[in-house]
Each structure stands twice: as structure tokens, then as C-alpha cells.
Amino acid sequence: MSKLPMKLSNQLTLPVINAPMFLVSNPEMVIESCKNGIVGTFPLLNARTTELLENWMIHIKEDLKHARTENQSDKIAPWGVNLIVHRTNQRFEEDLELIKKHEPPIVITSLGNPTDVAKIVHAYGGLVFSDVISLDHARKAAKTGIDGLILVCSGAGGHGGTLNPFAFLRAVKEFWDGMTILAGSISTGEEIMAAKILGADLVYMGTRFIATEESSASEEYQQMLVDSTLEDLIYTDAISGINGNYLLPSLQKAGMDIENLKKKEVDLSFSESKAKAWKDIWSAGQGVGSIKKISTIKEVIEELKTEYKNALKTNDTFSTSGTTNQ
Ligand SMILES: Cc1cc2nc3c(=O)[nH]c(=O)nc-3n(C[C@H](O)[C@H](O)[C@H](O)COP(=O)(O)O)c2cc1C
């Protein structure tokens with residue numbers, strides 16, 4: 001049974017979060033996602049200053065408020081932000097102040113202990129999700145008072161994990177009774193349905209939304225996604241110090257010596273020098289092969305909805321005896 005709060009469930013047209021992506025997500029992506037019924041999010045550090053961040057938050061809130069009145073629709077999904085809870089995030093305190101002030105309905109924490117963040121967000125009625133890549137991390141996060149665990153499995157874009165989604169989800173369900181969000185290479189409506197069947201309440205999709213007109217990814221990056229398959233990826237800790245999936249052609253283009261990559265020191269400050277590295281080195285998950293063209297967010301969501309509906313029908317026709325009722 002779904003653990004989604006009724007209010008959230010009623011606001012969604014698909015059980016999907018457009019995942020936060022460094023240097024890719026922006027207010028237009030968030031707004032278009034929410035208007036089309038999926039949760040739109042962005043990493044707080046994508047706004048390079050706190051002044052800009054506050055402008056972004058105000059812009060998102062006003063646009064969505066307007067859309068709600070204009071469309072008279074409940075199917076405007078909530079927006080969310082991603083906060084890095086790590087000692088190297090020098091903007092942590094300032095960004096948390098803006099969270100208190102502008103009250104994003106969903107706050108997604110990465111790394112660190114989300115206990116204090118959860119108290120602040122719950123005080124204004126928001127939800128807190130934390131992303132985890134290991135069972136140990138999931139167990140710790142489960143005790144911090146958060147609402148949802150995001151299981152970032154193998155093949156995910158960004159700092160993807162190494163665990164298989166079947167095994168990870170099943171193991172987490174043994175001790176976790178809250179919302180579960182599955183991530184890693186989920187790219188089609190059929191895969192959203194598969195995640196639901198496994199017991200996920202929501203899915204987290206990043207890569208599928210990079211090659212969109214609203215995204216901040218460069219044209220070259222978007223074209224590389226269209227041209228790539230899962231065989232064009234490399235999983236390495238040589239970019240940020242934490243293992244992640246990257247498009248191999250982007251490393252080659254940046255002149256990196258692929259045979260001799262070395263682990264970087266972990267730095268998640270996303271300072272200007274780090275941002276420069278991410279501008280040339282592009283990340284993607286193993287679902288990259290599903291990207292066939294550059295589309296609008298609305299078009300991607302429409303495609304996902306059609307695939308999801310078709311998957312529902314196909315599932316209905318499968319009988320327990322193992323034969324299909326055609
Ligand atoms: C380009 C890119 C940048 C990302 N940046 C972040 C980030 O800043 N914070 C974060 O929590 N996750 C980040 N992620 C991970 C996503 O939020 C999400 O976990 C992942 O994209 C899901 O896997 P998928 O890409 O296979 O759908 C990033 C992913 C990509 C592809």
C-alpha cells in the first residue's frame with residue numbers, strides 16, 4: 001500500500017520526482033515539472049548566490065500560485081530543494097534560513113545527518129526525504145525523523161550507488177515503514193510501474209530530464225546524451241572524490257587521461273572551481289539510451305504518462321497461471 005500522504009498523491013499525475021541536478025536544474029525545469037504533475041526540484045547551490053536563490057524561490061512560488069488559480073487545478077505538484085548536509089557546504093546555514101523563510105514543501109537532504117533539518121521543515125508542514133546509497137546509511141537516516149528514503153541504486157546519474165534496486169528496496173523495507181523513493185536509471189513509464197510493483201511510492205528521475213529545452217545543460221551536453229548508450233559511461237571517483245557515473249566522451253574531450261584516473265579529495269562545496277569541472281565533465285545514468293531527442297519537459301512527461309498507462313494495461317492482462325489473456 002502506498003505510503004504517500006493523500007495531499008501529495010492528489011497533486012501528482014505520475015509518481016515521479018524530477019531529481020535535483022547540479023548545474024542542470026533551474027526554476028523553469030521546476031515550474032514546468034510541477035505544472036505537469038510531477039515534483040520539480042533543484043540543488044540550492046545551483047543558484048550561485050543566496051540573493052539569486054531567494055529570487056528563484058520567490059519566482060517558483062509565485063508562478064505555481066498563479067498556475068493553481070489560473071488552471072483551477074489540484075494537479076500542480078509541490079516543488080522541492082536539495083540541501084547538502086556536509087561540512088564542505090559553506091552555504092548550509094544561509095540556505096537553511098531561506099528554507100525557513102520560503103518553506104519549500106519538500107526538502108531533500110544529501111549526506112550528513114538530517115535530524116535538525118527535519119525539525120525545521122516539519123515545523124512548517126513540509127516533508128523531508130534523504131538520499132542514501134547503502135544499507136548502513138539507510139538505517140541511520142531511518143532514525144532521524146525524516147519522511148522518505150531515496151534509494152539511489154546502481155546505474156544512477158550523479159553519485160550513483162552500487163546496489164541492485166530489487167535487493168536494496170527489499171532490505172530497506174525490513175526496517176523502514178515510511179515513504180520509499182527509488183532511483184537509478186529509471187527512464188520510462190514501464191520502469192515507473194516496475195518500481196511501484198517493487199513497493200516504491202515514488203521514483204526519482206534525473207538523466208531523463210537533462211536533454212530538455214528548459215534544462216541548463218549545454219546543447220553539446222544534451223546532444224551527447226542523445227548520441228550515447230550505457231556503454232559510454234564510466235563510474236569513477238576521479239571527478240568529485242565520490243564515485244559517480246560520467247559520460248566517457250566528455251572526459252576524453254576534456255583531455256583527461258582515462259587509463260590513469262586518480263581519486264580526488266572529497267569536496268562538495270560546489271565552489272566555482274568545482275563548478276568548472278562539472279561544466280566540462282558531464283554526468284548521466286545508465287538510462288541514457290532512452291534519450292532519443294531533445295524535448296520539452298511537458299513532452300517527456302506526456303510520453304511517460306502514455307507508457308505508464310500502457311504498462312498498466314499490459315499488467316492487467318497477465319494471469320497467475322502464467323498465460324496472457326489476449
Ligand atoms: C548531472 C547530474 C547532476 C546531479 N547533481 C546532483 C546534486 O546536485 N544533488 C543530488 O542530490 N543529486 C544529484 N544528482 C543525482 C540525481 O539527483 C538522481 O539521484 C539521479 O539522477 C537519479 O538517477 P538517474 O539519473 O539514473 O535517473 C545528479 C545527477 C546528474 C545526472
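One is the number of the first residue; the rest follow in order along the sequence. One-based numbering, in listed order, for ligands and for the atoms of each.
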Could you tell me whether Leu23 approaches ligand 1 through its side chain, its backbone, both or neither, with non-hydrogen atoms closer than 4.0 Å? neither
If you draw a 6.0 Å radius around NZ in Lys61, do more than 12 non-hydrogen atoms from other residues or ligands fall strictly inside? yes
For Thr207, the ligand 1 atoms whose distance to one of its heavy atoms is below 4.0 Å: 24 (P), 25 (O), 26 (O), 27 (O)
Look only at interatomic distance and state if Ser185 has a nitrogen or oxygen under 3.5 Å from any nitrogen or oxygen of ligand 1. yes
Ion pair check, Glu302 and Lys305, cut-off under 4.0 Å: yes
So is Ala19 polar-close to ligand 1, meaning N/O to N/O under 3.5 Å? no
For ligand 1, find out whether one of its N or O atoms is nearer than 3.5 Å to an N or O atom of Phe22. yes
Are Ile58 and Ile106 co-members of a hydrophobic cluster defined by side-chain heavy atoms under 4.5 Å apart? no
Side-chain ion pair, Arg91 and Glu94, N-O less than 4.0 Å: no
Return the minimal non-hydrogen interatomic distance between Ile120 and Lys100, and the atom names on each side. CG2-CG, 3.4 Å
So, regarding Gly157 and ligand 1 (criterion: nitrogen or oxygen to nitrogen or oxygen, under 3.5 Å), is there a contact or not? yes
Only heavy atoms of Met205, strictly under 4.0 Å: list the atoms of ligand 1 that pass. 27 (O)
Are Glu54 and Lys101 close enough for a salt bridge, meaning some N to O gap below 4.0 Å? yes
Does Asn82 reach ligand 1 with a nitrogen or oxygen that is under 3.5 Å from one of the ligand's nitrogen or oxygen atoms? yes
Note: ligand 1 atoms sitting under 4.0 Å from heavy atoms of Asp131 are 11 (O)
Proximity winner for atom 31 (C) of ligand 1, if only heavy atoms of Pro43, Gly206, Gly158 are counted: Gly158
Any heavy atom of Pro20 sitting closer than 4.0 Å to ligand 1? yes
Looking only at heavy atoms of Gly155, does any of them come nearer than 4.0 Å to an atom of ligand 1? yes
Does Ser110, backbone or side chain, put an N or O under 3.5 Å from an N or O of ligand 1? yes
Counting from 1, what ligand 1 atoms have a heavy atom of Ala156 closer than 4.0 Å? 23 (O), 26 (O)
Looking at Lys3 and Asp147, is any side-chain nitrogen of the basic one under 4.0 Å from a carboxylate oxygen of the acidic one? no
Looking at Trp282 versus Tyr246, is the centre-to-centre ring distance below 6.0 Å? no
Ile258-Tyr235 co-clustered via ILVMFWY side chain contacts under 4.5 Å: no
Could you tell me whether the side chain of Glu191 and the main chain of Thr188 form a donor-acceptor pair under 3.5 Å? yes
Side chain, backbone, both or neither: which applies to Tyr221 and ligand 1 if a contact is any heavy-atom pair less than 4.0 Å apart? side chain
